[in-house]
Amino acid sequence: MTEAQRYTATEILAILSARQLRDGQVVFAGVGIPLLAATLAQRLRCPGLTILFEGGVIGAFVEPGKLPPSTNDQRCTKRANMVLGSADVLLLLQRGYVDVGFMGGAQIDQYGNLNSSFIGDPAAPKTRLPGTGGGNDISSLTNMIVAMKHEKRRFVEHVDFITSPGFIRGDESRGESGLPMGGMFRVITELAVFGFSERSRRMKVLALNPGVSREEVQDNTGFSLDFDETTAMTEPPTDSELQTLRLLDPERLFTA
Amino acid sequence: MTEAQRYTATEILAILSARQLRDGQVVFAGVGIPLLAATLAQRLRCPGLTILFEGGVIGAFVEPGKLPPSTNDQRCTKRANMVLGSADVLLLLQRGYVDVGFMGGAQIDQYGNLNSSFIGDPAAPKTRLPGTGGGNDISSLTNMIVAMKHEKRRFVEHVDFITSPGFIRGDESRGESGLPMGGMFRVITELAVFGFSERSRRMKVLALNPGVSREEVQDNTGFSLDFDETTAMTEPPTDSELQTLRLLDPERLFTA
Amino acid sequence: MLEAQLEPYTRLRENISKRDRSLREKVVSLEEAASFVQDGMKVGIGGSTMSRTPMALIWEVIRQRRKNLSCSRCIVSTDGDLLFGSGVSDHIITSWFAQGILWGLSKVMRHHVETQKKNYEEWSHMGIGMRFRAGGMGVPFLPMRAMLGSDVMKQRPEAKPVNCPFTGEKLLLVPALNPDVALIHVQRCDQYGNAQIDGLQFMDIDLALAANRVILTTERIVSNDQIRRAPDQTKIPFFCVDAVVEVPYGSAPHECFGLYEPMLKHMESYVAQVNADPVNGMREYLERYFYEPKSWNEYLALIGMEELLEASQRGRSIYND
Amino acid sequence: MLEAQLEPYTRLRENISKRDRSLREKVVSLEEAASFVQDGMKVGIGGSTMSRTPMALIWEVIRQRRKNLSCSRCIVSTDGDLLFGSGVSDHIITSWFAQGILWGLSKVMRHHVETQKKNYEEWSHMGIGMRFRAGGMGVPFLPMRAMLGSDVMKQRPEAKPVNCPFTGEKLLLVPALNPDVALIHVQRCDQYGNAQIDGLQFMDIDLALAANRVILTTERIVSNDQIRRAPDQTKIPFFCVDAVVEVPYGSAPHECFGLYEPMLKHMESYVAQVNADPVNGMREYLERYFYEPKSWNEYLALIGMEELLEASQRGRSIYND
């Protein structure tokens, strides 16, 4: 069996995302891969990881096989330490209690800005997307991890619309816009793990996923990427990671 | 037995104050006479009177003989419809859910401004009084009934310090100060019931208490009062009012 | 737009002063309750996504064929589809609008926004929350630190970016939202409207305080004595509430915390039908499930006994440990 | 003054980022907990008047002879006397300061303010509430509609009257208050600090969120399992909390909702003693009840078994119906 056949694109996405979290952190997770990956991290290495959900939940332990269909469902409250109002859980981000925000993404640009509102001209959009939800708040107020599918139309030079701000136009523009805290920390795809350069705030490749080449990443990206000698190669998913993940989502609700 | 011997000054204060309330009203009551009078009204004529307390209580029925020593004590929650945060109960005033605020007073002036902060120069006060508590908020945001002892040093032309605003300097000055709603409605003392003239917003006598003369009221007041043919004479406390009041406060905690 | 949204304080106070806030019985039928919603009103909707949606009230408002409603809710799912698709609303204020993440984009929302020019007014989730909260507090705005720097803010001239007069920091002031009427579903309340909410409360408390009228549907009506025994469990006070309707399964096919989870089979067949044809699919769905049934119970019967029981079993399981 | 009170956002965030917010056991002794309070700190105090006062913590802070504390609490009673009278605090931010309405003015407060020039900084009750709330929300101010037109406002240059940028209405912006440390007493919490509060919650939730450190005393420590079974009853989340101490009767001689009412015999003898002589009476009181006892339990023994039992009987009676 080749490496690529051991897991699906979504599975490696979830597993590499989970690896970004540290025990003891407070993480605000969106539905889908983020919820799944945070739960995976909690089961594997981070029993003291505190997961917050937008619906108003602090410190949940979602049950295997019972992934919630949204972060506003009662399943999100399973064995939670606290359930509170949804404006109040967002205010915890603003006050600063959260270490990491963790979301999916539909379209991202070189500065880590996310678009989940409009494809095409917002005044006469080709596609009206669902919108921000808590995404704008989370990305405005804390350090972000984004897990998303890697396609050229999703990795663009400039997003059509900044729904959830990354580093805006790079350099100091995020702080100057009134967002002194947080910003994009990592972007995880089925091809690579990305960070952002300290000065220009442009996206850069930190590590390639197992069996993925630099060319493959660049070919699937709508802007030029820098690689250098520090670009690493990620360790493949372990059996334990894959087993636990499959236990959590046996119906493949989010890992199809 | 003469009229004046049937009841104490504090008792007639409580009884006449209770008469100002209407069934179905939402009243925000301070501790002491206001709490007692609102409870009296509830027992006598207004079973649907909703009493709010500063500690965070909506719709309590305080028990006879168990008057609370402050509006922040658990006794205030007896048979309440809701208990909530104390900032939140004050915000109900700001939003407009309350018909009447009901407080005691230490010093009042011709425009119904109350002082409970300083006697003498605030910079070097003769006496530092306890301060506003919720009084400033209540009097800023709703229509007020004040129950207080009638003494010349308490009824002054201008208070030393406006702790809880009445009509400030009369005429339109309250609205111009940023308080478009509410204002003083009634002042009740052991001598008389007062209102405020519609234009000038000066205090005026609406009715004399049983057996009290115009001269007696004027002599105990530090500013000139207007009387006219509409000045009425209040009906004396009924036996039922007195009995119920004494049942509520058998230890004479607030009616000594 | 802003003028239509932000009411001056004196008008807000006047509206409230006219409401009968006495402790009075206010139990009415679903029909009467829904008739508080009149054409052109600003309607605030409780719950979030697929949870504690006041679906019975939405169902009845649609049956009463209201027009031009401006609806606000923190997160909108199939309720938004139905409000646009039935024609009762042409303006939805929310932070996220799809049927649910399981099904991707809502073709119904897309049809009405992209080709029918209906208005999906997007704010951040916290933005909606602060707007309801300002409304509930009786202040014209609240300051917040999100939306700044984004195109979401640029599309919202109703909000004002300012420099903090204390610190000089950039802040966004979002205007109060005071709906004409709020529709809220709860697990239990008394006949006066004192409501308890179990589990996730979303933005319902702020919404109830902000609205000029509140209509509650409730899974059960309990005695006022029961309310008074645990007054710290009351989440909405009676004097905010104008009508109470007892509607078991009043959020179906969405969930109600501790009682039933979403009825996903029904949801899936709904999504398949309306996404396949947002116009005719929706028309047929509404005809069958909304207009034809004679009562809410008949609607529940169409969802089916098995699905209701199964959703209830899952719903109650949250308390099994 | 203002500069000392209002922290820039980046500093607030930096303070929080340094706190260990992981789910960890944090049960310590009363001595250790009180040592979080250091000279010169801004100390927020939970409860109100004679209710759920964190008296054991105040007792221990006074025993540790701290200095120059700036204390804030929505309403202050004998706790304020003790903070001024013991010399630990020279600045108290509150809306009302006396021993309790039963006893009239506090001679202790009067002595320290009128002749010792200690600072009783007066705000309206809602003003204090909005300052804690702004602090808890992470915004530098909140708008409100009280204090305007009064001399209370004129004495507070820290607050800014403005014209609303939306409506032109006059509003008062009150600055956030973020204490360095908050002292809060609760009925129960787990070893991580997830706290439940029964009945009156006062401003404690906002205070806990606003403070840079939170010390909880609790009548009992319960298991985390018990907390997780009813997460909607948690009022303060563990990651706001830095230390937990189990102190039965931790509010004595004040009340703790559902457990004990105020111990009025002790309060009355206290008031008689300190009002008769605010200097020597207070010194003798502190000597006997604060400095001499070897432990909190010894202090309780001085209040007396009979008074504790009687207060408990009255306290529990709230649940008798």
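In what follows, chains carry the letters A, B, and so on, assigned in the order in which the sequence lines appear, proteins first and then strands, with residues in each chain numbered from 1.
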Visitor: Write down the atom of D/Arg145, the atom of C/Pro140, and the distance for their closest heavy-atom approach.
Guide: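 Closest pair (atom of D/Arg145, atom of C/Pro140, distance): NH2-CD, 3.2 Å.
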Visitor: Between C/Met126 and chain D, with a heavy-atom cut-off of 4.5 Å, which part of the residue counts as in contact: side chain, backbone, both or neither?
Guide: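 For C/Met126, neither part sits under 4.5 Å from chain D.
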Visitor: Return the option, out of D/Leu200, D/Leu142, D/Leu173, with the maximum number of heavy-atom pairs under 4.5 Å with chain C.
Guide: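 Most heavy-atom pairs under 4.5 Å with chain C: D/Leu173.
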Visitor: Look up atom OG1 in D/Thr10 and atom CD in C/Glu169, then write down how far apart they are to the nearest 0.5 Å.
Guide: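 Going from the OG1 atom of D/Thr10 to the CD atom of C/Glu169 covers 7.0 Å.
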Visitor: Using a 4.5 angstrom heavy-atom cutoff, name the option from C/Ala134, C/Gly138, C/Pro8 with the most pairs to chain D.
Guide: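 Looking at each of C/Ala134, C/Gly138, C/Pro8 in turn, C/Gly138 comes out on top.
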Visitor: Flag yes if more than 12 heavy atoms outside D/Glu25 fall under 6.0 Å of its CD atom; otherwise flag no.
Guide: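 Counting neighbours around CD of D/Glu25, more than 12 heavy atoms of other residues, nucleotides or ligands fall under 6.0 Å, so yes.
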Visitor: Just how far is it from atom CD of C/Gln196 to atom CG of D/Asp232, taken to the nearest 0.5 Å?
Guide: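 It is 10.5 Å, given to the nearest 0.5 Å.
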Visitor: Show the nearest heavy-atom pair for residues C/Glu158 and D/Phe166, with the distance to one decimal.
Guide: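 In this case the closest contact between C/Glu158 and D/Phe166 is O-CE2, 3.1 Å.
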Visitor: Less than 4.5 Å to any heavy atom of chain D: does that hold for the side chain of C/Gln233, its backbone, both, or neither?
Guide: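 For C/Gln233, the side chain is the part near chain D, not the backbone.
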Visitor: Could you tell me which portion of C/Met144 (side chain, backbone, both or neither) has an atom closer than 4.5 angstrom to a non-hydrogen atom of chain D?
Guide: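 It is the backbone, since no side chain atom gets that close.
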Visitor: Would you say the side chain of D/Cys164 lies within less than 4.5 Å of the side chain of C/Tyr9, judging by non-hydrogen atoms?
Guide: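 Heavy-atom side-chain distance check fails, nothing below 4.5 Å.
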Visitor: Should C/Phe141 and D/Thr167 count as side-chain neighbours, where that means a heavy-atom distance under 4.5 Å?
Guide: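 No - every pair of side-chain heavy atoms lies 4.5 Å or more apart.
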Visitor: Please report the shortest heavy-atom distance between C/Val139 and D/Pro143, naming the atom on each side.
Guide: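 Closest approach of C/Val139 to D/Pro143: CG1-O, 3.4 Å.
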